[in-house]
Amino acid sequence: MPELPEVETVAAALREHLPERQIIGVVTRCERLRRPIPIAALQNEVNAVICGVRRRAKYLLIDLDSGRTMVIHLGMSGTLRLVPENETAERHDHIDIKLDDGSVLRYRDPRRFGLVILVTPDADGQIAELGNLAPEPLSKEFSGEYLYNLSRKRTSPIKTFIMDQRRVVGVGNIYACESLFRARIRPTLKTGTLSRKRCQLLVDTIKAVLTEAIAIGGTTISDFYGVDGSEGKFALKLKVYGRSGDICPECGTSIKKITLGGRSTFYCPKCQK
DNA sequence: CGTGCTGTTGCTAG
DNA sequence: ACTAGCAACAGCAC
């Protein structure tokens, strides 16, 4: 589920609750997600105090006063919720972080594509284990000129390109489809054929769409929820994603569904050239 | 019952 | 160096 706006929604909520809380217990109920859960290392953080919550790409970073950082990725179906300590864990509730105010940070992930690890950031707070991540889409570094320069001579479809985490992070399938629709760019267009002007338009549109989605709590399709169980409202704003066969809200043409890079892709054949 | 989707990432093979 | 394909998993719609 979670793309950048969903992760940012979770990070913002956690920022309200977690700082200054002390970890008083850790419960794990499964051995591994995408990678093994470092159970002993997590247990070692009992008594640590949470000093901050950050987001980088689609990763949540929970900084601890031990000098270590818990890195959490929600994969396709991961959720984090803050629940009272007496709430019983259900199937797929894999990790509980018990806090000193009686609340529990609970990680659930039916498909187990997520990631929970402990790392030690370097002096700048950077995390080597995350590798060389591309620029944040909402940063100044991600500009029309940046996209234009990177895209020259590239023959892959523009949609595949903007979803490539080595070019820009955080843009997943939903926001790629929606941004291309709003920028009136056909997802199949060869990246290298985009003009400077259209690169600028696409970058501006991606920023606007992500910002709008963050403002209303992200997108709930089936299993994304805020830490309090609330649903993201951006689902109501989707114009093409998941709407094959529906009529385009701009021109009435039937929305088409194709596959690009193995991912379902939705667009309006009339509006997007 | 199957079959074929699903918001991600990273490995493999070409 | 590049891209496409697939695997990891559970659930759900058909």
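Chain letters run A, B, ... following the sequence lines, proteins first, then strands; residues in each count from 1.
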Asks: Among B/dG10, C/dT3, B/dT8, which nucleotide sits nearest the side chain of A/Tyr59?
Replies: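 Side chain of A/Tyr59 sits closest to B/dG10.
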Asks: Contact class for A/Arg263 vs. all strands (heavy atom < 4.0 Å): base, sugar-phosphate, or nothing?
Replies: base
Asks: Anything under 30° is parallel, anything over 60° is perpendicular, the rest tilted; go ahead and classify A/His94 against A/Tyr107.
Replies: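 Tilted: the ring planes of A/His94 and A/Tyr107 meet at 30° to 60°.
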Asks: Which listed nucleotide (B/dT8, C/dC2, C/dA10) is nearest to the side chain of A/Arg154?
Replies: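 Of B/dT8, C/dC2, C/dA10, C/dC2 is nearest to the side chain of A/Arg154.
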Asks: Tell me which nucleotide among B/dT9, B/dG7, C/dC2 gets nearest to the side chain of A/Tyr241.
Replies: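 Of B/dT9, B/dG7, C/dC2, B/dG7 is nearest to the side chain of A/Tyr241.
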Asks: Within this structure, what is the CD1-to-C1' distance between A/Ile258 and B/dC5, rounded to whole angstrom?
Replies: 17 Å
Asks: Kindly compute the distance separating CD (A/Gln272) from CD1 (A/Ile255), expressed to the nearest 0.5 Å.
Replies: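 Here the interatomic distance stands at 7.5 Å.
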Asks: Could you tell me how far C/dT3 sits from B/dG7 if I compare only their C1' atoms? Round to whole Å.
Replies: 23 Å
Asks: Whole angstrom is fine here: how far is it from NZ in A/Lys58 over to C1' in B/dG10?
Replies: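 A/Lys58 atom NZ is separated from B/dG10 atom C1' by 13 Å.
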Asks: Under 4.0 angstrom, heavy atoms only, what part of the nucleic acid is A/Gly172 near: base, sugar-phosphate, or nothing?
Replies: sugar-phosphate
Asks: What's the closest nucleotide to the A/Arg91 side chain, out of B/dG7, C/dC9, C/dA10?
Replies: C/dA10
Asks: Under 4.0 Å between a side-chain N/O of A/Ser156 and OP1 or OP2 of C/dT3, yes or no?
Replies: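 Yes, such a contact exists.
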Asks: Within this structure, what is the CG-to-C1' distance between A/Leu60 and B/dT8, rounded to whole angstrom?
Replies: 14 Å
Asks: Please tell me which of the listed nucleotides, C/dT3, B/dT8, C/dA10, lies nearest to the side chain of A/Phe113?
Replies: B/dT8
Asks: Does A/His92 place a side-chain N or O at less than 4.0 Å from the phosphate oxygens OP1/OP2 of C/dG11?
Replies: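 Yes.
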Asks: Between atom CE in A/Met76 and atom C1' in C/dG11, what is the gap in whole Å?
Replies: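 The answer, rounded to whole Å, is 12 Å.
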Asks: Judged by atom type as modelled, is there a donor-acceptor pair below 3.5 Å linking the side chain of A/Asp93 to the main-chain atoms of A/Glu90?
Replies: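 Yes, because the side chain of A/Asp93 sits within donor-acceptor range (under 3.5 Å) of the backbone of A/Glu90.
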Asks: Nearest-Å distance, CZ (A/Arg108) to C1' (C/dC9)?
Replies: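 Answer to the nearest Å: 16 Å.
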Asks: How close or far is atom C1' of C/dA7 from atom CZ of A/Arg35, stated in whole angstroms?
Replies: 16 Å
Asks: Suppose we call two aromatic rings close when their centres sit under 6.0 Å apart. Are A/Tyr175 and A/Phe234 close by that rule?
Replies: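 A/Tyr175 vs A/Phe234: aromatic centres under 6.0 Å.
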Asks: Among the nucleotides B/dT9, B/dG7, C/dC9, which one has an atom lying closest to any side-chain atom of A/Ile174?
Replies: B/dG7
Asks: What is the base-pairing partner of C/dC9, counting Watson-Crick and G-U wobble geometry with both distances under 3.5 Å?
Replies: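 WC or wobble partner does not exist here.
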Asks: The side chain of A/Thr160 lies closest to which of these nucleotides: C/dA4, B/dT8, C/dC2?
Replies: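 Comparing C/dA4, B/dT8, C/dC2 against the side chain of A/Thr160, the answer is C/dA4.
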Asks: Tell me: CZ of A/Arg34 to P of C/dA8, nearest whole Å?
Replies: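 A/Arg34 atom CZ is separated from C/dA8 atom P by 11 Å.
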Asks: Between atom CG of A/Asn47 and atom CG of A/Asp100, what is the distance when rounded to the nearest 0.5 Å?
Replies: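 The distance works out to 10.0 Å.
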Asks: Determine whether any donor atom in the side chain of A/Arg112 lies under 3.5 Å from an acceptor atom in the base of C/dC9, or the reverse, and answer yes or no.
Replies: no
Asks: OP1 or OP2 of B/dT8 less than 4.0 angstrom from a side-chain nitrogen or oxygen of A/Gln165, does that happen here?
Replies: no
Asks: Would you call the rings of A/Tyr59 and A/His73 parallel, tilted or perpendicular if under 30° counts as parallel and over 60° as perpendicular?
Replies: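 Ring orientation, 0 to 90° scale: perpendicular.
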Asks: When the C1' atoms of B/dG4 and C/dC6 are compared, how many Å lie between them, rounded to an integer?
Replies: 15 Å
Asks: The side chain of A/Arg167 is closest to which nucleotide in this list: C/dT3, B/dT8, B/dC5?
Replies: C/dT3
